2 protein chains.
Amino acid sequence: MLDSFLCELETEESTKYLRYYISSSDETVFCGANGVTAAPPETCFEYLYTNECDVFETPDWAKGAIAYQIFPERFENGDPALSPVGAEPWGSQPTRENFMGGDLRGIIRRLDHLSSLNVDILYLTPIFKSPSNHKYDTADYFSIDPAFGTVDDLKELTKQCHARGIRVLLDGVFNHCGYEFAPFQDVLEKGDQSQYWDWFFVESSPVQTDPHNYDCVGYYKWMPKMRMSNPDVRAFFLSVGTFWIREADIDGWRLDVADEVDFTFWQAFRSAIHTVKPDALLIGESWKDAGDMLRGDQMDSVMNYLFRSSLIGFFANNESAESFDAQLQRLQRLYPQPTQQVLYNLIGSHDTDRFLTLCGGDLRKLKLAAAFQMTYTGMPAIYYGDEIGMTGENDPDCRKAMDWAGADESLLSYYQKMTSLRRSEKALQLGDFHTLHVSDNAYAFARRFENETIVALFNRSAESVELSIPVAECEKGSMYSLLSGDELPLRPIDHNDRFYREDRMRYRSSFSVVLPAYGAEILKFKEETV
Amino acid sequence: MLDSFLCELETEESTKYLRYYISSSDETVFCGANGVTAAPPETCFEYLYTNECDVFETPDWAKGAIAYQIFPERFENGDPALSPVGAEPWGSQPTRENFMGGDLRGIIRRLDHLSSLNVDILYLTPIFKSPSNHKYDTADYFSIDPAFGTVDDLKELTKQCHARGIRVLLDGVFNHCGYEFAPFQDVLEKGDQSQYWDWFFVESSPVQTDPHNYDCVGYYKWMPKMRMSNPDVRAFFLSVGTFWIREADIDGWRLDVADEVDFTFWQAFRSAIHTVKPDALLIGESWKDAGDMLRGDQMDSVMNYLFRSSLIGFFANNESAESFDAQLQRLQRLYPQPTQQVLYNLIGSHDTDRFLTLCGGDLRKLKLAAAFQMTYTGMPAIYYGDEIGMTGENDPDCRKAMDWAGADESLLSYYQKMTSLRRSEKALQLGDFHTLHVSDNAYAFARRFENETIVALFNRSAESVELSIPVAECEKGSMYSLLSGDELPLRPIDHNDRFYREDRMRYRSSFSVVLPAYGAEILKFKEETV
């Protein structure tokens with residue numbers, strides 16, 4: 001079992017020099033800036049003056065919040081009059097090209113559903129004018145797609161969301177535009193005589209489309225790559241970023257293909273956004289270690305696909321709990337601390353297989369993953385439809401029309417219960433994270449916040465397991481289940497017990513718990529009142 | 001012997017996925033984004049689209065260039081009329097407070113000395129108006145200190161330097177100001193009613209100086225810390241940075257206490273400087289791992305005090321060659337590749353003991369270190385006076401008046417010869433770096449550039465050593481000494497020889513060389529012409 005520790009040091013000194021003494025019963029080694037050594041190192045880790053602008057702040061409102069992602073073409077058809085010509089019936093087999101008529105009015109009509117899930121943040125994939133159903137090929141960054149509604153509909157949506165305590169994020173696709181984007185059309189028409197010639201990467205004039213002679217996204221010629229080094233392009237996208245905050249009072253952006261856009265643009269973007277909404281949230285898309293974007297000057301958060309991989313491994317693919325724990329420990333330390341409570345912890349999106357499909361349709365495994373999301377650090381993110389048992393492989397199948405009529409009510413109730421627990425328990429939203437148990441099929445961790453402790457336990461096997469869990473908090477008291485209300489007594493630890501001897505400084509009592517097959521338990525520590 | 005390898009891959013693909021296969025005769029392991037594994041990893045290192053603004057470019061003119069640092073108060077008195085009242089005679093014992101009358105005219109008069117040392121870059125410690133001899137407590141960022149001369153003198157200096165192919169860097173002290181700085185004086189006078197109140201970190205009005213109630217540098221109340229988060233302060237220092245480039249055509253800045261100034265300022269500073277001189281050089285002061293400043297958006301280079309530590313260890317303190325090599329290998333990979341040829345590789349400065357003093361006055365050891373600097377990667381930096389044998393412990397003794405009359409001519413000739421070699425050999429300026437030999441007291445490395453190879457060898461002991469050095473280039477030919485002109489024949493490697501068997505893919509021949517006590521040799525590979 002790997003472990004990592006977090007400790008906050010307060011000092012009056014502006015400059016801090018740190019070296020570590022690492023002791024076991026056998027030996028002591030040291031760690032300084034040049035690595036691990038047998039003797040105390042001369043070279044310490046140095047923490048010099050902390051300037052105000054160096055402090056990485058993420059929005060408080062986003063910490064531990066529950067996010068919900070909607071693919072607007074497929075959530076609800078609120079106004080059939082807007083549906084594109086040739087739209088297929090709701091629930092048709094999705095293809096890469098077809099339409100089913102989802103729109104902003106549909107989302108507004110269904111906000112009770114989001115509230116029932118205790119959603120704090122609504123993230124919409126692109127809604128600006130575009131010819132496709134996904135709208136990642138933007139034609140006009142300053143218009144709402146007419147099939148989705150109007151600017152007024154967006155304003156109404158953000159207004160109603162805000163009234164419910166839900167913040168709204170739009171999808172900023174600034175790495176590339178769509179083929180119909182006016183500047184690209186101008187270049188198509190005028191070649192290197194176009195004033196927008198330098199907005200793109202065209203090899204030579206004239207522009208050719210078959211085969212294409214310009215940079216685009218993944219060889220997809222309908223999405224020309226933007227030349228972000230061009231000051232005009234930068235200014236254009238900075239204005240898009242601030243416009244929608246001012247115009248429709250959105251609360252931030254999810255930024256598409258963020259790690260293929262140059263980082264100096266994101267620095268400027270963060271500054272510009274903060275001038276119009278200082279607590280806006282910026283989430284970058286990334287599928288890998290996104291540390292480059294999380295230094296404090298660019299993104300607040302990223303789509304945490306690494307988290308998703310770990311959950312797939314443990315809950316869907318029966319990978320070892322030890323490996324799962326190692327991955328989580330790494331993720332806990334991969335990015336700066338201010339990002340940890342705002343990482344967008346998803347288990348699926350419009351770009352992946354749905355989690356339930358990866359579990360072979362086993363709802364018990366999906367429930368475990370959902371319970372894990374709702375008890376873990378960061379921002380748990382629900383991809384529309386997961387909560388009612390929708391299935392689907394990667395695009396286009398993961399973009400089915402929301403199956404309101406076919407909702408699995410039991411699953412939905414489970415999601416509502418878990419999100420409600422997260423909403424009501426500060427320790428689940430903001431607590432720290434500490435692994436408590438790792439065995440073949442079981443995993444448990446503690447979340448601590450102020451004087452509260454919650455322990456979450458998971459059994460991903462088909463057999464029930466009994467776990468004995470050590471507790472650091474106290475010698476007396478009990479753990480009570482936030483799911484069933486049952487109480488489990490704490491037993492003081494016998495420090496002569498060989499098992500606990502090494503840990504005697506740390507643990508003071510223990511409790512036993514039986515987890516049924518595919519069972520999760522959420523326990524809260526309750527000190528005995530004398 | 002540690003080793004690291006550098007390899008350049010060219011590909012037409014905009015997105016690159018990399019995983020490593022690491023093989024020995026016994027086993028193969030793999031390395032991907034999640035670490036070293038026994039099986040090929042699913043998660044590769046990903047290199048996505050490379051945007052123009054992401055490319056880290058450092059000035060070509062600085063690559064491999066020779067720098068020379070002058071502490072202007074102590075280099076040459078060119079105009080005694082300017083000397084401060086109470087200035088002591090040239091060559092007096094330096095104190096923290098006294099003056100000896102050095103000035104810009106003195107530097108101009110001695111430019112032949114710099115040219116004789118093949119200097120490419122002149123770095124001056126601060127020259128702006130200030131009451132001290134070091135002038136790190138700036139009173140006026142827009143004036144040359146009258147004891148040093150005038151703006152016209154600075155213009156004349158840069159003009160004459162440029163005519164000699166020497167670029168000029170000034171010292172930018174933007175982390176803090178001096179007590180006499182007008183805005184601080186205004187705050188002293190008006191307290192929180194001053195329009196400059198927010199330029200500093202004063203605990204409460206009025207300002208107190210004894211004890212002081214404001215942030216300053218290292219408890220030194222004469223240097224109040226600037227509040228760089230204040231937009232007015234940022235704008236002020238951006239204007240200082242660009243002013244002197246426009247006014248006096250300087251070629252860049254050495255930036256004092258750079259790692260205590262917030263990094264968002266340096267991002268803005270780099271942008272601002274590049275608008276007035278796109279190939280300006282920015283060198284940050286840092287005494288530790290300075291990776292945070294060397295991401296491409298802030299500094300081009302840093303004062304490489306880690307390099308200095310390594311040279312002190314090996315040449316002055318007899319630390320092992322193995323440890324020396326490990327440190328150099330780490331330094332070769334610590335910062336991004338574009339910085340490697342512009343790192344300011346010093347062996348002493350106005351803030352350290354002089355190297356000769358650390359060697360107990362042993363000129364042979366200083367010569368070895370100088371030869372090492374001039375053959376190693378990066379920008380070798382000479383601290384004024386080291387080249388003529390000056391000694392001195394840390395400040396104030398390392399700031400003695402330049403002892404023109406007492407110059408050690410033999411040492412100076414050695415420096416001239418070594419700098420001349422570096423100037424004439426492209427491989428010494430721009431070649432790569434590869435360790436060739438590590439033994440108790442000897443160290444050797446190769447520098448390769450295009451089709452040239454130079455090998456530098458060092459014996460830091462009091463006994464001569466004979467080394468057998470393998471060569472990858474060719475089976476036939478010779479190595480000839482750039483110091484003596486002697487030729488050393490290459491012998492083809494007998495691949496049945498046990499010593500070379502493991503390396504047979506790599507080395508094709510070898511040569512033997514005898515290094516005298518405290519001897520350095522610089523050899524150039526010469527292929528046999530048939």
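The structure presented is a predicted model; accordingly, all values stated were derived computationally and were not measured.
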**Student:** Under 3.5 Å, side-chain donor or acceptor atoms of residues 225-232 of chain B against the rest of the protein: list the pairs with distances, not counting sequence neighbours.
**Tutor:**
from   : atom 1 : to     : atom 2 : distance (Å)
B:K225 : NZ     : A:N51  : OD1    : 3.3
B:K225 : NZ     : B:N175 : OD1    : 2.7
B:K225 : NZ     : B:E260 : O      : 2.7
B:R227 : NE     : B:F200 : O      : 3.1
B:R227 : NH1    : A:E52  : OE1    : 3.3
B:R227 : NH1    : A:E52  : OE2    : 2.7
B:R227 : NH2    : B:F200 : O      : 3.3
B:S229 : OG     : A:E52  : OE1    : 2.6
B:N230 : OD1    : B:D232 : N      : 2.8
B:N230 : ND2    : B:D198 : O      : 2.9

**Student:** What part of B:D289 is in contact with chain A, defined as an atom under 4.5 angstrom from a non-hydrogen atom: side chain, backbone, both or neither?
**Tutor:**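 Contact with chain A: none, neither part.
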**Student:** Measure distances from A:V55 to the heavy atoms of chain B and classify the residue's part below 4.5 Å as side chain, backbone, both or neither.
**Tutor:**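 For A:V55, there is no contact with chain B at all, as no heavy atom is under 4.5 Å.
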**Student:** Under 4.5 Å, heavy atom to heavy atom, which residues of residues 263-270 of chain A contact chain B?
**Tutor:**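 Within residues 263-270 of chain A, the residues that come under 4.5 Å of chain B (heavy atoms only) are A:F263, A:T264, A:Q267.
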**Student:** Atom CG in B:D262, atom OH in A:Y49: separation rounded to 0.5 Å?
**Tutor:**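 Nearest 0.5 Å value for the CG-OH distance: 10.5 Å.
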**Student:** Just so I understand: if I count every heavy-atom pair under 4.5 Å between each of B:V261, B:V257, B:T43 and chain A, which residue has the most?
**Tutor:**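 That would be B:V261.
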**Student:** If I measure from the heavy atoms of chain A, does B:D215 come under 4.5 Å with its side chain, its backbone, both, or neither?
**Tutor:**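 Contact with chain A is through the side chain of B:D215 alone.
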**Student:** Taking CD in B:Q337 as the centre, count heavy atoms belonging to other residues, nucleotides or ligands within less than 6.0 Å. Is the count above 12?
**Tutor:**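 Yes, the 6.0 Å shell around CD holds more than 12 heavy atoms from other groups.
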**Student:** Taking every heavy-atom pair that is under 4.5 Å apart, which of A:K288, A:R295, A:R330, A:E46 has the most such pairs with chain B?
**Tutor:**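 Counting heavy-atom pairs under 4.5 Å, the top option is A:R295.
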